[in-house]
Undergrad: 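Can you read through this structure? Questions will come right after.
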Amino acid sequence: MAASKFPLNSFCGAANSGIDTKWLAVLVIIVSLAVFAIALIVSMLDVRTNRLSNSLDDANNELIKLALHDNLTRLPNRVLLSDRLEQAIHRAQRNHSEFAVLFLDLDGFKAINDMHGHHVGDLLLKEVSHRLLVSKREGDTAARLGGDEFVVLLEPSTPGISAAFAQRLIDTIEQPYEASNNFLQISTSVGIAIYPQDGQTEHELMINADAAMYHAKKQGRNGYCFFEHGMNADVHLQMQMQQNLRQAVDRNELVLHYQPKVIAPNGPMTGMEALLRWQSPDYGFLSPDRFLPLAESSGLIVPIGNWVINEACRQMRVWYDQGHRDWTMAVNLSAVQLEHDSLVEVVRSALTQHSLAPSHLVLEITESTAMRDAEASLKVLNELSALGVSISIDDFGTGYSSLLYLKRLPANELKIDRGFITELAQGNDDEAIIQAIIALGKTLGMRIVAEGVETLGQQELLTRLGCNTLQGYLLARPAAPDALLETITLLAERAEPTLVTT
Ligand code: C2E
Ligand code: MG
Ligand code: MG
């Protein structure tokens with residue numbers, strides 16, 4: 001204003017015909033207020049957008065967390081662990097440092113789950129996770145792979161630090177738990193793999209830590225084990241074997257051998273027991289103890305067992321047609337088969353397919369199999385028994401059956417475990433045990449079979465003690481049907497003079 005100069009006689013043209021100053025003031029006020037209002041609205045909108053984007057972020061983070069964490073325990077899951085492992089490998093490469101992967105598997109968790117239910121199992125897993133979290137250092141990762149398997153990534157770490165940590169974990173996990181008024185105890189086995197010497201990649205480190213964990217289990221559980229080269233050879237071999245076993249049924253590599261059961265002491269024969277063999281192009285001729293555990297742990301025992309039932313019935317039909325009208329065919333069953341819903345139907349349809357009366361089939365279950373889930377087993381065994389199939393209790397004397405349970409089992413036959421027979425010499429404890437088993441079995445109305453009879457002495461004594469049926473190398477070794485022709489004739493001939501009926 002100071003800089004402006006107005007020459008004399010100059011006048012403002014707008015003063016009379018221009019905007020009225022009053023209106024100008026009003027206009028300026030209105031426009032300014034409008035500008036303020038718009039600014040206010042824009043800033044309010046801005047806050048809302050911000051809030052919206054924040055909550056979107058939150059939801060996103062929650063989703064990521066869900067995808068990367070285990071639902072039950074909230075520990076990092078396999079995906080996040082894999083990422084952390086990858087980062088750990090990068091860091092260790094850069095810094096030329098070491099880190100450790102600890103693979104944990106609880107000992108006997110399945111038993112707790114079976115006995116107390118999943119709810120208690122879940123509570124236990126949560127508490128174990130909590131103990132892992134409080135035991136580890138700030139930057140370490142404790143993850144759950146699923147089931148009762150956990151991994152702790154110790155970074156950085158040396159063998160010494162890892163061993164001390166593993167021991168601390170074992171001691172912590174071993175402390176008692178309280179879950180829904182149950183006091184529980186559980187132990188854990190730990191396998192340790194150290195980067196870089198025990199594996200260069202994430203995959204190698206994990207399977208080697210796993211192999212070391214298996215080793216810890218084999219050494220009696222509740223301990224830790226460092227990975228050593230050679231340990232995973234076992235794992236690879238097992239995986240390979242499982243693959244091959246999967247194809248064995250289709251490739252006709254499974255065969256049944258049969259071992260006669262004879263009336264004590266010498267015959268005649270009452271039937272056969274089917275014993276599974278695997279004629280593998282890769283591993284040679286394998287007896288069941290070489291591959292049954294694998295078949296059971298992988299669930300392959302169900303299709304394999306179904307094949308056994310069918311094949312044994314087929315062979316029984318062949319022998320029946322050859323005139324052996326009163327023989328029975330015994331088939332061994334695993335616990336997994338007994339727990340599988342289809343068993344009764346599989347048995348029924350095998351009998352129908354080969355037009356066999358159910359009385360020709362005996363199903364052998366070991367005492368411990370029958371005890372595993374006593375009530376469920378009882379139900380299935382009752383159904384099978386109602387079908388007309390006989391039930392035999394195999395390897396009797398090795399489990400810890402309760403007499404009450406035994407009484408409820410619809411079993412017709414007791415097979416005394418080979419262990420007692422092997423040691424059998426007159427006058428020792430085994431004789432007393434066998435006498436007791438025979439007395440017990442007879443009271444329950446069961447037929448008594450002794451398996452693993454190898455000597456004349458055993459044969460004589462068992463007959464005298466009252467065993468009805470004998471089975472063992474002395475009488476006949478298990479063999480393929482063709483190889484048994486001679487044995488069958490021989491047993492029939494031998495039977496005549498010393499025929500004992502019980
Ligand atoms: P198990 O049912 O108790 O069968 C008796 C085992 O003792 C057989 O071994 C037989 O060959 C062997 N044996 C028989 N007599 C004698 C003898 O005088 N002396 C000796 N030292 N041994 C004798 P194998 O064939 O190796 O079968 C082992 C176990 O595998 C069987 O024990 C049975 O529990 C299981 N098993 C066999 N076949 C099958 C199957 O098809 N399915 C299932 N689930 N298990 C099977
Ligand atoms: Mg058997
Ligand atoms: Mg047996």
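Order of listing sets the numbers, starting from 1, for every ligand and every atom in it. Residue indices begin at 1 and follow the sequence shown. Given the structure is predicted, the values throughout are model-derived calculations rather than measurements. Both backbone and side-chain heavy atoms feed into the values below; hydrogens, waters and symmetry mates do not.
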Undergrad: Could you check whether atom 9 (O) of ligand 1 has a protein contact, counting only heavy atoms that fall below 4.0 angstrom?
TA: no

Undergrad: Strictly distance-based, threshold 3.5 Å: is any side-chain N or O of Gln459 a donor or acceptor partner for the main-chain N or O of Pro265?
TA: yes

Undergrad: Considering non-hydrogen atoms of the protein only, which is the closest contact for atom 29 (C) of ligand 1, and what is the distance?
TA: Pro288 CG, 4.3 Å

Undergrad: Between Ile301 and ligand 1, does any nitrogen or oxygen pair lie at a separation below 3.5 Å?
TA: no

Undergrad: If we only consider heavy atoms of Gly305, is any one of them less than 4.0 Å away from an atom in ligand 1?
TA: no

Undergrad: Around atom 18 (O) of ligand 1, find the nearest protein heavy atom and jot down its residue, atom name and distance.
TA: Tyr473 N, 2.7 Å

Undergrad: Which residue and non-hydrogen atom of the protein lie closest to atom 44 (N) of ligand 1, and at what distance in Å?
TA: Ser334 OG, 2.9 Å

Undergrad: At less than 4.0 angstrom from any non-hydrogen atom of Asp394, what atoms of ligand 1 do you find?
TA: 1 (P), 2 (O), 3 (O)

Undergrad: Keeping Glu423 on the side-chain end and Gly419 on the backbone end, is there a donor-acceptor pair under 3.5 Å?
TA: no

Undergrad: Is the shortest distance from atom 27 (O) of ligand 1 to a protein heavy atom below 4.0 Å?
TA: yes

Undergrad: Ignoring angles and geometry beyond distance, decide whether Asp395 reaches within less than 3.5 Å of ligand 1 through its nitrogen or oxygen atoms.
TA: yes

Undergrad: Using a strict 4.0 Å cut-off to heavy atoms of Val308, name the atoms of ligand 1 that fall inside it.
TA: 41 (O)

Undergrad: Hey, does Arg277 come in under 3.5 Å of ligand 1, counting only N/O atoms on both sides?
TA: yes

Undergrad: For Pro478, take its heavy atoms, then give the atoms of ligand 1 lying under 4.0 Å from any of them.
TA: 11 (O)

Undergrad: What is the nearest protein non-hydrogen atom to atom 5 (C) of ligand 1, stated with its residue, atom name and distance?
TA: Glu451 OE1, 4.0 Å

Undergrad: May I ask you to check if ligand 1 and Asn332 share an N or O to N or O distance below 3.5 Å?
TA: yes

Undergrad: Flag yes if more than 12 heavy atoms outside Arg290 fall under 6.0 Å of its CZ atom; otherwise flag no.
TA: no

Undergrad: Tell me whether Gln337 reaches ligand 1 (any heavy atom closer than 4.0 angstrom to a ligand atom).
TA: yes

Undergrad: Among the N, O or S atoms of Asp395, which one sits nearest to the Mg ion (ligand 3)?
TA: OD1

Undergrad: Taking 2.8 Å as the cut-off, does Glu364 contribute an N, O or S atom near the Mg ion (ligand 2), distance below it?
TA: yes

Undergrad: Of all the non-hydrogen atoms in the protein, which one sits nearest to atom 12 (C) of ligand 1, and at what distance?
TA: Arg418 NH1, 3.4 Å

Undergrad: Using every non-hydrogen atom in the two residues, find where Leu184 and Ala179 come nearest and quote the distance to one decimal.
TA: CD1-CB, 4.2 Å

Undergrad: With respect to the Mg ion (ligand 2), what is the nearest N, O or S atom of Glu273?
TA: OE2

Undergrad: Using a strict 4.0 Å cut-off to heavy atoms of Leu292, name the atoms of ligand 1 that fall inside it.
TA: 30 (O), 35 (C), 36 (N), 45 (N), 46 (C)

Undergrad: Touching ligand 1 at all, Gln259? Heavy atoms, strictly under 4.0 Å?
TA: yes

Undergrad: With no hydrogens and no angle check, is any side-chain donor or acceptor of Glu149 less than 3.5 Å from a backbone partner on Leu145?
TA: no

Undergrad: So, do Tyr258 and Trp327 have ring centers that fall under 6.0 Å from each other?
TA: no

Undergrad: Applying a strict 4.0 Å limit to heavy atoms, is Lys415 in contact with ligand 1?
TA: no

Undergrad: Side chain or backbone of Arg477 under 4.0 Å from ligand 1, or both, or neither, by non-hydrogen atoms?
TA: neither

Undergrad: Is the backbone of Thr73 close enough, under 3.5 Å, to the side chain of Asp70 for a donor and an acceptor to pair up by distance?
TA: yes

Undergrad: Among Tyr283, Trp278, Phe285, which residue satisfies the ring-ring contact (aromatic ring centres under 6.0 Å, His included) criterion with Phe291?
TA: Trp278

Undergrad: If only atom types and distance count, is the side chain of Glu127 paired as donor or acceptor with the main-chain N or O of Leu123 below 3.5 Å?
TA: no

Undergrad: When Glu273 is tested against each of His257, Lys261, Lys415, Gln259 for side chain to side chain donor-acceptor pair (under 3.5 Å), which residue passes?
TA: Lys415

Undergrad: Quick one: report the N, O or S atom of Asp394 that is nearest to the Mg ion (ligand 3).
TA: OD1

Undergrad: Within the distance-only criterion (no hydrogens, no angle test), does the side chain of Gln458 pair as donor or acceptor with the backbone N or O of Thr455 below 3.5 angstrom?
TA: yes

Undergrad: Looking only at atom types and distance, does a side-chain atom of Ser392 sit under 3.5 Å from a main-chain N or O of Asp394, one as donor and one as acceptor?
TA: no

Undergrad: Provide, to 0.1 Å, the distance between atom 38 (N) of ligand 1 and the closest protein heavy atom, together with that atom's residue and name.
TA: Leu276 N, 3.1 Å

Undergrad: Between the side chain of Arg317 and the main-chain N/O of Ser355, is any donor-acceptor distance below 3.5 Å?
TA: yes

Undergrad: Check whether any N, O or S atom of Ser392, backbone or side chain, sits closer than 2.8 Å to the Mg ion (ligand 2).
TA: no

Undergrad: Which pair of non-hydrogen atoms, one from Glu364 and one from Ala330, has the smallest distance, and what is that distance?
TA: OE2-CB, 3.5 Å

Undergrad: Does atom CD (Gln435) have a neighbourhood of more than 12 heavy atoms from anything else shown, all under 6.0 Å?
TA: yes

Undergrad: Among all protein non-hydrogen atoms, which one is nearest to atom 4 (O) of ligand 1, and what is the separation to 0.1 Å?
TA: Leu275 CD2, 3.7 Å

Undergrad: Does the gap between the ring centers of Tyr177 and His130 come in under 6.0 Å?
TA: no

Undergrad: Please could you name the atoms of ligand 1 that Glu454 approaches to less than 4.0 Å, counting only its heavy atoms?
TA: 17 (C), 18 (O), 19 (N), 20 (C), 21 (N)

